[in-house]
Amino acid sequence: MPTSSASTTDSAKPSAAGGVQSLERAFDLLERMADAGGEVGLSELSATSGLPLPTIHRLMRTLVACGYVRQQANRRYALGPRLIRLGESASRLLGTWARPYLARLVEETGETANMALLDGDEIVYVAQVPSKHSMRMFTEVGRRVLPHSTGVGKALLAGVPDDEVRALLARTGMPAATEKTITTPEGFLAALAEVRRMGYAVDDNEQEVGVRCLAVSVPDSPTAAAISISGPAGRVTEAATDKIVPVLQQIADELSAALVSQNQA
């Protein structure tokens, strides 16, 4: 019996961009889950995506079967463990692409250069090129920190709506790493407003005593990313900041163009 066009499955429907509609919808749901902190209910996904509940339920069943989503005892859905392997591999590759740009940062500023991503509620460092100075900063690649005490955290969250930042801070807490760490949501939101005004972020002894860090976001990056330099507070002075920030911004723009090009290839 011939099959009517009405029985065509989602997987066979082309999207407007020429892809497969069900795949686009599944990835959209995963991103919405990540934006919501990694755990959501079907009704929340329906409200934010505009998709009908039966469609969402069918897609989530497939994602659960593949290990990319898991269903909790409370029947809500959470991001699954198989995403970790994909994320770690993608982060390593992103760090590899960034290293030549970080090396230029070191050459032009003399300080250690880092690249970091916002992964859920945490900052993860994915690449580093160390300074050639005998006194220099080291951050282990793969290290995870909370965003409120870092320059890269401020740079990454400066573009996030205030209510979402408040929700993130409520989930993570704001423990003090040093006596200069910002420990209130109001103080942190004021710092983010300053980042937006200046175009760069500063960690002034907030993560580690004696260390100063300058950071900028990488515009239009496929995933939220920032680059930074860090060094002793005696070298990364206010005067040095005026020279370093334009270099940071220029290299961030060049890295952005390279990542966008890779993403479109």
Side-chain angles (χ1 to χ4, degrees), residues 87 90-92 94-99 101-106 109 111-131 136-160 164-165 168-169 172 174-178 180-182 187-233 236 240-241 244-256 259:
S91 295
R92 284 195 297 271
L94 191 58
T96 299
W97 287 337
R99 279 188 63 82
Y101 297 88
L102 299 183
R104 276 186 50 212
L105 259 181
V106 175
T109 69
E111 303 299 344
T112 296
N114 307 284
M115 183 179 191
L117 308 179
L118 183 61
D119 183 20
D121 290 343
E122 297 177 316
I123 299 299
V124 58
Y125 290 91
V126 296
Q128 181 181 88
V129 175
S131 165
R136 58 196 179 193
M137 303 302 109
F138 287 102
T139 299
E140 183 182 358
V141 172
R143 181 188 179 198
R144 290 174 174 272
V145 296
L146 297 181
H148 71 282
S149 60
T150 64
V152 285
K154 293 176 187 174
L156 287 165
L157 290 180
V160 175
E164 293 182 24
V165 173
L168 182 152
L169 297 175
T172 63
M174 301 183 71
T178 75
K180 295 195 71 175
T181 305
I182 299 171
F188 190 67
L189 291 173
L192 296 187
E194 190 69 0
V195 173
R196 291 190 290 270
R197 184 185 70 81
M198 297 189 304
Y200 66 95
V202 181
D203 159 12
D204 188 2
N205 294 269
E206 296 163 51
Q207 176 67 27
E208 188 174 345
V209 175
V211 177
R212 204 158 181 267
C213 173
L214 307 172
V216 299
S217 62
V218 179
D220 302 317
S221 174
T223 187
I227 59 173
S228 68
I229 64 91
S230 56
V236 186
T241 296
I244 290 171
V245 168
V247 177
L248 262 174
Q249 292 170 332
Q250 178 184 342
I251 291 180
D253 286 341
E254 293 176 11
L255 176 56
S256 169
L259 292 176

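- Here the CD1-CD1 distance, from Ile251 to Ile227, works out to 6.0 Å after rounding to the nearest 0.5 Å.
- Side-chain N or O atoms of Thr109 include none that pairs as donor or acceptor with a backbone N or O of Ile244 at under 3.5 Å.
- At least one donor-acceptor pair closer than 3.5 Å links the side chain of Thr112 to the backbone N or O of Ser131.
- To the nearest 0.5 Å, atoms CG (Leu156) and CG (Leu192) are separated by 10.5 Å.
- In this structure, CD1 on Ile229 lies 7.5 Å from OG1 on Thr241, to the nearest 0.5 angstrom.
- Atom CG of Leu168 is separated from atom CE of Met174 by 9.5 Å, given to the nearest 0.5 angstrom.
- Closest non-hydrogen pair, Ala155 versus Ala201, comes out as N-CB, 3.8 Å.
- Take Glu254 and apply the salt bridge (charged side-chain N to carboxylate O under 4.0 Å, His left out) test, not counting sequence neighbours, and it matches Arg104.
- Residues passing the side chain to side chain donor-acceptor pair (under 3.5 Å) test with Ser149 are Gln207, sequence neighbours excluded.
- Rounded to the nearest 0.5 Å, atoms CG (Leu157) and CG (Leu118) are 5.5 Å apart.
- Listed by chain and number, the residues in a side chain to side chain donor-acceptor pair (under 3.5 Å) with Ser228 are Asn114 (sequence neighbours excluded).
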Could you give me the CA-CA distance, side-chain angles and deciding distance for Leu255 and Met115, then say whether side-chain contact (heavy atoms from CB on, under 4.5 Å) is met? CA-CA 11 Å; Leu255 176 56; Met115 183 179 191; 4.1 Å; yes

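- Judged by distance alone, with hydrogens and angles left aside, the side-chain atoms of Arg212 form no donor-acceptor pair with the main-chain N or O of Asp203 at under 3.5 Å.
- In this structure, the side chains of Phe188 and Val165 come closer than 4.5 Å at one or more pairs of heavy atoms.
- Looking at His148, its side chain does come within 3.5 Å of a backbone N or O of Pro175 through a donor-acceptor pair.
- The main-chain N or O of Tyr125 is never found under 3.5 Å from a side-chain atom of Arg143 such that the two would form a donor-acceptor pair.
- Shown here are the salt bridge (charged side-chain N to carboxylate O under 4.0 Å, His left out) partners of Asp121, two or more places apart in sequence or in another chain: Arg171.
- Of all heavy-atom pairs between Val106 and Pro130, the closest is CG1-O, 3.6 Å.
- Using a 4.5 Å heavy-atom cutoff, the side chains of Ile123 and Leu146 are not in contact.
- Residue pairs meeting the salt bridge (charged side-chain N to carboxylate O under 4.0 Å, His left out) criterion with at least one member in residues 219-229, sequence neighbours excluded, do not occur.
- Within the 4.5 Å cutoff, the side chain of Pro219 has heavy atoms near those of the Asp253 side chain.
- Of the possible donor and acceptor atoms, none in the side chain of Arg144 sits under 3.5 Å from a partner among the backbone N and O of Glu122.
- Of all the heavy atoms in Thr150 and Gly153, the pair that sits closest is OG1-N, 2.9 Å.
- Screening residues 146-156 for salt bridge (charged side-chain N to carboxylate O under 4.0 Å, His left out) gives Lys154-Glu206 as the qualifying pairs, with residues at least two apart or on separate chains.
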